[in-house]
Amino acid sequence: MISDNTFDEDFIVNEEEANMLYLKEANPEDLEKEFEFITNTPEEENGFTNPAFGCSREEFEHKILPGYLNAAKGVGLKEGWVPETEFFLWEDDRIVGLFRIRHYLTEALANGAGHIGYGIRKECRGKGYASEGLRLAVEQAWKLIREEEIYLSVRKDNPGSIQVQKKNGAYIHHEDEKEFYTRIRKSALETGLLKD
């Protein structure tokens, strides 16, 4: 997952700034800004993958974006893939991140990437965007997922991202040599840990 490698634990998004951040599903009306964000996000960084990196504008408009829209509906999925919704994180009229929410898990996803993957624009890292974006994504995920916990993963060499997840109620479920596998229980939302 791309996230806050330069996480500043003392930084808290104030309420005024938090109100300017919102998630918005991929859509044709925001094509230009979505294209700009996608083409400037690396193909792979910290575990977050962006298969559209390097695509042309025409390819984005006619193949990538329709693929996002279809995947959210579960249409035209590759074998073994699950429905997923691409949510862009906006600050006013600028995209600062992308949160990918898988609607349910296969065994491979349950033992790997989990429900939510996210990437934050490089110049926006360490400023609280990932924390607030994940809070918003978790709220959306509870509307979409079947499981009783939200599954995530994070590379061990990405301490900023594990802090973002913990701030949003995650606990480390298990680990391997390279990654922590975290979970967020519904009770984190119910107990007010994830507040508006």
(Q) T39 vs F53, test: side-chain contact (heavy atoms from CB on, under 4.5 Å). Steps then yes/no. (A) CA-CA 5 Å; T39 55; F53 176 76; 6.0 Å; no
Mind checking what makes ring-ring contact (aromatic ring centres under 6.0 Å, His included) contact with Y151, not counting sequence neighbours?
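In terms of ring-ring contact (aromatic ring centres under 6.0 Å, His included), with neighbours along the sequence ignored, Y151 is linked to H115.
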Going by heavy atoms in the side chains, are [X] and [Y] under 4.5 Å from each other?
{"X": "K24", "Y": "D30", "result": "yes"}
{"X": "W90", "Y": "V96", "result": "no"}
{"X": "L109", "Y": "R102", "result": "yes"}
{"X": "I172", "Y": "I162", "result": "yes"}
{"X": "E86", "Y": "E34", "result": "no"}
{"X": "R155", "Y": "K178", "result": "no"}
{"X": "H103", "Y": "I145", "result": "no"}
{"X": "L31", "Y": "R57", "result": "yes"}

Is there a side-chain contact (heavy atoms from CB on, under 4.5 Å) between T41 and L98? Walk through the geometry before answering.
CA-CA 10 Å; T41 299; L98 176 63; over 6 Å; no
If every non-hydrogen atom of [X] is compared with every non-hydrogen atom of [Y], which pair is closest and at what distance?
{"X": "F60", "Y": "P66", "value": "O-CD, 3.8 Å"}
{"X": "G74", "Y": "P83", "value": "CA-CG, 3.8 Å"}
{"X": "I116", "Y": "A141", "value": "CD1-CB, 4.1 Å"}
{"X": "N50", "Y": "P42", "value": "CB-O, 3.2 Å"}
{"X": "I64", "Y": "C55", "value": "CG1-SG, 4.3 Å"}

Can [X] and [Y] be counted as an ion pair, charged N to O under 4.0 angstrom?
{"X": "E177", "Y": "K156", "value": "no"}
{"X": "E123", "Y": "R94", "value": "yes"}
{"X": "R135", "Y": "E132", "value": "yes"}
{"X": "K63", "Y": "E58", "value": "no"}

For this session: Check whether any side-chain N or O of N168 sits under 3.5 Å from a backbone N or O of S131 as a donor-acceptor pair, and report yes or no.
Result: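 Between the backbone of S131 and the side chain of N168 there is a qualifying donor-acceptor contact (under 3.5 Å).
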I'd like to know if the side chain of N111 reaches the main chain of E107, judged simply by a donor and an acceptor atom lying under 3.5 Å from each other, with no hydrogens or angles considered.
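Yes, the answer is positive, given that a donor and an acceptor are paired below the 3.5 Å cut-off.
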Legend entry - Residues S161, Y118; criterion side-chain hydrogen bond (donor to acceptor under 3.5 Å, both in side chains); working and verdict: CA-CA 10 Å; S161 191; Y118 55 93; 2.6 Å; yes
- request: Kindly determine whether R125 and E45 satisfy salt bridge (charged side-chain N to carboxylate O under 4.0 Å, His left out), including the steps that lead there.
  value: CA-CA 13 Å; R125 296 182 197 159; E45 188 175 24; 3.0 Å; yes
Practice problem: Hey, can you tell me if F37 and F88 have their rings parallel, tilted or perpendicular (30° and 60° cut-offs)? | Solution: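 The arrangement is perpendicular - the two ring planes meet at more than 60°.
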Subject >> W81: hydrophobic cluster co-members (side-chain, 4.5 Å) >> reply: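 Answer for W81: L77.
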For this session: Say whether F87 and L105 are linked into one hydrophobic cluster, either directly or through other cluster members, by side-chain heavy-atom distances under 4.5 angstrom.
Result: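 Not linked; separate clusters.
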Item to check | Single-linkage hydrophobic cluster, 4.5 Å side-chain cutoff, L144 and L136 together | outcome: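 Shared cluster, yes.
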- Task: Would you tell me whether E147 and Y104 have side-chain atoms, one donor and one acceptor, within less than 3.5 Å of each other?
- Result: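 Note: E147 and Y104 side chains miss the donor-acceptor criterion.
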Original post:
Does a donor on one side chain and an acceptor on the other come within less than 3.5 Å for E44 and T49?
Top reply: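 Judged by distance alone, the side chains do not pair up.
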If I take atom [atom1] from residue [X] and atom [atom2] from residue [Y], how far apart are they, to the nearest 0.5 angstrom?
{"X": "L69", "Y": "N27", "atom1": "CG", "atom2": "CG", "result": "7.5 Å"}
{"X": "T182", "Y": "E149", "atom1": "OG1", "atom2": "CD", "result": "10.0 Å"}
{"X": "E32", "Y": "E36", "atom1": "CD", "atom2": "CD", "result": "10.0 Å"}
{"X": "K127", "Y": "E91", "atom1": "NZ", "atom2": "CD", "result": "9.0 Å"}
{"X": "S153", "Y": "R183", "atom1": "OG", "atom2": "CZ", "result": "9.0 Å"}
{"X": "L134", "Y": "L89", "atom1": "CG", "atom2": "CG", "result": "10.5 Å"}

- Begin with the C-alpha distance, continue with both residues' side-chain angles, and end with the deciding distance and a verdict on side-chain contact (heavy atoms from CB on, under 4.5 Å) for V75 and K73. CA-CA 5 Å; V75 174; K73 298 174 195 166; 3.8 Å; yes
- Item | Qualifying ring pair (Phe, Tyr, Trp, His ring centres under 6.0 Å) pairs, either residue in residues 155-184, two or more places apart |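 Found H174-Y181.
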**Message:** Could you walk me through whether I101 and Q140 satisfy the side-chain contact (heavy atoms from CB on, under 4.5 Å) test, starting with their C-alpha distance in whole Å, then the side-chain angles of each, then the deciding distance to 0.1 Å, before giving a yes or no?
**Reply:** CA-CA 8 Å; I101 302 176; Q140 288 297 321; 3.8 Å; yes
